[in-house]
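For clarity, every value in this text was computed on a predicted model and none was experimentally measured.
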Amino acid sequence: MLTKKGKYGLKALVDLARLDPGETAFITEIASRNNIPKKFLDTILLELRNAGILRSKKGPGGGYSLSRPASEIRIGQVVRTLDGPLAPIRCASRTAYEMCDDCRDPDTCEVRRSMTTVRDAIADILDTMTLEDFVNNPGQPVLPEDELVAKRAS
């Protein structure tokens, strides 16, 4: 499940993606426009800056802006940066794998195999979706419908 941190981070990025090229926004402006607690947003934007998704500028004309075009920022990277691995359980994670305490054989565990399929489906969508998709096509499938159906069937 997407945490509040992830949700607020995505809302802030959408806000910044709507700015004119070269324009910046202060944290207080982003927080106010999106009803996000400012202190929490401070932490979120710092993480996104450290991950190379945002850049910041101090002084007059300062604030935050995207570090690259919205079309190059993948939602999967944002969610992983703020919320960690996409897998619903650790044993299904590619990047933070941990064997379950109660598991005798991860290779034959039905729960792990099923959750790996779930992880792959989530990653397929979020790693294809860009920030530009969020701004221009909210709620629309990123993949063509026939490709989504084919992925579900396999």
Find out whether [X] and [Y] are in side-chain contact, i.e. whether some heavy atom of one side chain is under 4.5 Å from a heavy atom of the other.
| X | Y | answer |
| --- | --- | --- |
| R90 | P85 | yes |
| L126 | R74 | no |
| D120 | R94 | yes |
| L16 | L131 | no |
| T95 | L86 | no |
| M129 | F134 | yes |
| T81 | K5 | no |
| V118 | M115 | yes |

Looking only at heavy atoms, which two atoms of [X] and [Y] are closest? And how far apart?
| X | Y | value |
| --- | --- | --- |
| R112 | C91 | NE-O, 2.7 Å |
| Y64 | S56 | CE2-CB, 3.7 Å |
| I30 | A25 | CG1-CB, 3.9 Å |
| G6 | D83 | N-OD1, 3.5 Å |
| T24 | G62 | OG1-O, 2.8 Å |
| Y8 | P37 | CE1-CD, 3.8 Å |

Between the side chain of [X] and the main-chain N/O of [Y], is any donor-acceptor distance below 3.5 Å?
| X | Y | value |
| --- | --- | --- |
| E47 | I44 | no |
| S32 | T28 | no |
| D133 | T130 | yes |
| T117 | R113 | yes |

Pair K11 + D15: basic N to acidic O under 4.0 Å:
no
Using a strict cut-off of less than 4.0 Å between a Lys/Arg side-chain nitrogen and an Asp/Glu carboxylate oxygen, indicate whether R119 and D124 qualify as a salt bridge.
no
Spacing of OG belonging to S65 relative to CZ belonging to R49, to within rounding of 0.5 Å
11.5 Å
Can you tell me how far apart CD (E23) and CG (L66) are? Round to the nearest 0.5 Å.
11.5 Å
Give a yes or no on whether N50 atom CG has more than 12 heavy-atom contacts from other residues, nucleotides or ligands under 6.0 Å away.
yes
Are [X] and [Y] connected, step by step, through hydrophobic side chains (Ile, Leu, Val, Met, Phe, Trp, Tyr) whose heavy atoms are closer than 4.5 Å?
| X | Y | value |
| --- | --- | --- |
| L48 | L2 | yes |
| F26 | I36 | no |
| F40 | V79 | yes |

Determine, stepwise, if the pair L54 / L13 fulfils side-chain contact (heavy atoms from CB on, under 4.5 Å).
CA-CA 9 Å; L54 294 179; L13 288 173; 3.5 Å; yes
Report yes or no: do D105 and T108 form a side-chain donor-acceptor pair below 3.5 Å?
yes
